[in-house]
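Here the structure is laid out as structure tokens; the discussion comes afterwards.
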2 protein chains.
Amino acid sequence: MGSTGGRRERLRVETTAEIQQVALKLMAAGGPDAITLRAIAREMGMTANAIYGYFATRDDLVTTLINEVYTALADAVDAAWAKAPAARPAHRIQTWARAFRGWALANPEGFRLIYGDPVPGYQAPEGGAAPDAAHRVCTGIAALADAAWPHAEHLYAHSDFQWSDFDSGLLDKVRPAFPTLPPAGVALALRIWGHLHGLVSLEIYGHLRTQTISPDKLFQEELAQLVRSLGLESEA
Amino acid sequence: MGSTGGRRERLRVETTAEIQQVALKLMAAGGPDAITLRAIAREMGMTANAIYGYFATRDDLVTTLINEVYTALADAVDAAWAKAPAARPAHRIQTWARAFRGWALANPEGFRLIYGDPVPGYQAPEGGAAPDAAHRVCTGIAALADAAWPHAEHLYAHSDFQWSDFDSGLLDKVRPAFPTLPPAGVALALRIWGHLHGLVSLEIYGHLRTQTISPDKLFQEELAQLVRSLGLESEA
DNA sequence: GGAGGAGACTATACGGCGTGAAGTTTTTAT
DNA sequence: ATAAAAACTTCACGCCGTATAGTCTCCTCC
């Protein structure tokens with residue numbers, strides 16, 4: 001054999017996993033710039049160069065980490081979405097939003113890794129890091145908009161958004177899943193997304209912490225306002 | 001003499017200014033992590049260690065830069081605010097917001113420096129970097145809320161925000177300027193701020209660019225919606 | 001079961017980084 | 001003119017990513 005189940009490959013997989021795990025631990029402890037090949041190797045009792053057998057370059061490792069973390073985020077919000085009953089759109093949106101914020105608060109370094117300036121010299125590869133997870137989060141946001149659209153449609157009565165106003169990147173892959181969502185519905189999606197991301201981002205980066213000691217209360221209030229501004233009744 | 005006007009001090013001031021200027025140029029060209037003492041020195045035909053005569057450490061330099069950049073941002077939004085007539089609150093808010101976004105788009109690296117993960121290992125000093133500029137921006141946001149409050153008050157009819165819900169940091173210094181603004185008005189301020197910052201942040205960090213090709217149109221629309229949600233009539 | 005090869009890892013080295021200590025040159029003040 | 005002070009350089013250390021070459025171990029095939 002040698003194709004599957006070989007001791008060699010098992011070890012390889014395990015070592016690969018350990019590298020990522022140690023990297024995540026270092027990031028959690030010291031921020032994104034604590035991810036250094038040498039520190040990882042030190043932690044594992046190896047030489048830094050040994051890691052090159054598993055990842056072509058440090059950026060490759062970071063890309064993989066982003067993928068990993070991004071997937072965890074997508075899992076979290078997807079699970080929340082799936083758990084909440086579709087019959088209560090307001091509650092569903094609030095659940096999604098709370099899951100998003102909750103994950104971010106629990107994994108602030110991960111949030112930075114995904115949405116902020118990542119590791120020092122890191123440049124996201126052309127194809128785009130974590131395209132799957134990004135797609136899933138994007139789909140989730142579109143689902144929020146789709147759920148809210150019937151109630152919020154009137155807000156966009158006078159807008160003139162066209163499909164050509166939006167890029168074909170992630171959207172064209174997400175659109176088919178929501179055939180009833182018009183261009184203005186995408187604007188609504190970006191509105192919701194901008195709002196949530198903005199609040200969470202301010203909180204994570206500490207630009208809110210200096211101003212309020214109950215970001216929790218503020219977030220809940222803001223979420224209620226958002227839902228209300230979508231023409232829905234806020235639910236706990 | 002030797003106290004003022006000396007050739008020595010003039011040179012010192014000039015060199016200090018040149019260091020900052022070169023650092024900003026490097027940042028604009030290669031992002032925040034392009035700010036290295038050695039690169040600056042190289043650009044100036046000096047040794048890296050010479051910079052230690054002007055800034056105690058690299059973080060000191062970065063702190064100064066943040067101050068500088070933050071001040072420029074505060075100047076930009078303050079000017080916009082002052083220019084717009086107070087009699088038209090909607091227009092004033094939109095002008096402020098557009099100035100904020102405009103500055104951010106013109107100085108994306110500066111925006112990251114202020115609001116994102118800054119230079120790799122940088123840790124903001126205890127006293128807080130750029131406290132003056134932060135105070136001014138905070139005041140600007142409070143002014144937005146103050147202008148909108150009479151129209152938006154009804155939105156917070158059932159909220160129970162207390163002053164104790166907010167930190168005493170920047171707020172206590174800003175509050176006296178707006179004696180009529182109640183606790184819920186601060187929540188309104190943070191709402192506006194979160195909204196604007198969120199949109200601009202998404203745009204600057206490219207998490208919007210992959211989804212829309214007309215962030216401009218989206219921003220205007222969103223701004224109009226925000227103003228409308230405050231009970232005001234959107235103005236061009 | 002022994003030889004050969006593949007794969008995992010180390011050793012060494014290079015250039016870049018921030019920064020400390022010590023030395024040198026230039027300017028200023030007396 | 002001389003001494004002090006300021007500006008600046010040199011050298012050094014330990015960190016980083018990474019390229020190259022070498023070593024050791026284990027699997028495979030005859």
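In what follows, every heavy atom counts, from backbone to side chain, and hydrogens, waters and symmetry copies are set aside. Letters A, B, ... mirror the listed sequences (proteins, then strands); counts begin at 1. If you're wondering where the values come from, they're calculated on a predicted model, not measured in any experiment.
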Partners meeting salt bridge (charged side-chain N to carboxylate O under 4.0 Å, His left out) with Glu222(B) (sequence neighbours left out): Arg191(A)
Rounded distance (Å) that lies between atom C1' of dA8(C) and atom CZ of Arg10(A): 16 Å
Sugar-phosphate only, base, or nothing, as touched by Thr57(B) at under 4.0 Å among non-hydrogen atoms: sugar-phosphate
Sugar-phosphate, base or nothing in reach of Thr47(B), heavy atoms under 4.0 Å: base
Length of the CG-P vector between Leu11(B) and dC8(D), whole Å: 8 Å
Short N-O contact, Asp216(B) and Arg98(B), less than 4.0 angstrom: no
Partner residues of Glu18(A) under the salt bridge (charged side-chain N to carboxylate O under 4.0 Å, His left out) criterion, sequence neighbours left out: none
Residue list, salt bridge (charged side-chain N to carboxylate O under 4.0 Å, His left out) with Asp146(B), at least two apart or on another chain: none
Length of the line joining Glu9(B):CD and dT27(C):P, which is rounded to integer Å: 16 Å
Acceptor/donor pairs from residues 47-54 of chain A side chains to any protein atom, 3.5 angstrom cut, sequence neighbours excluded:
none

Please tabulate the protein-to-nucleotide N/O contacts below 3.5 Å involving nucleotides 19-21 of chain D, giving atom names and distances.
residue, atom, partner, partner atom, Å
dA19(D), N6, Asn49(A), OD1, 3.4
dA19(D), N6, Asn49(A), ND2, 2.2

Value in whole Å for how far the P atom of dT10(D) lies from CZ of Arg38(B): 13 Å
Spacing of Met46(B) atom CE relative to dG18(C) atom P, expressed in whole Å: 14 Å
Sub-4.5 Å side-chain heavy-atom contact between Phe55(A) and Thr16(A): yes
Distance in angstrom units between Leu37(B) CG and dG20(C) P, rounded: 11 Å
Set of salt bridge (charged side-chain N to carboxylate O under 4.0 Å, His left out) partners for Lys25(B), sequence neighbours left out: Glu43(B)
Arg12(B) CZ - dT26(C) P separation (whole Å): 19 Å
Distance, rounded to the nearest Å, where Leu61(A) contributes CG and dT18(D) contributes C1': 14 Å
Touch class at under 4.0 angstrom, heavy-atom based, for Tyr54(B) against every strand present: sugar-phosphate
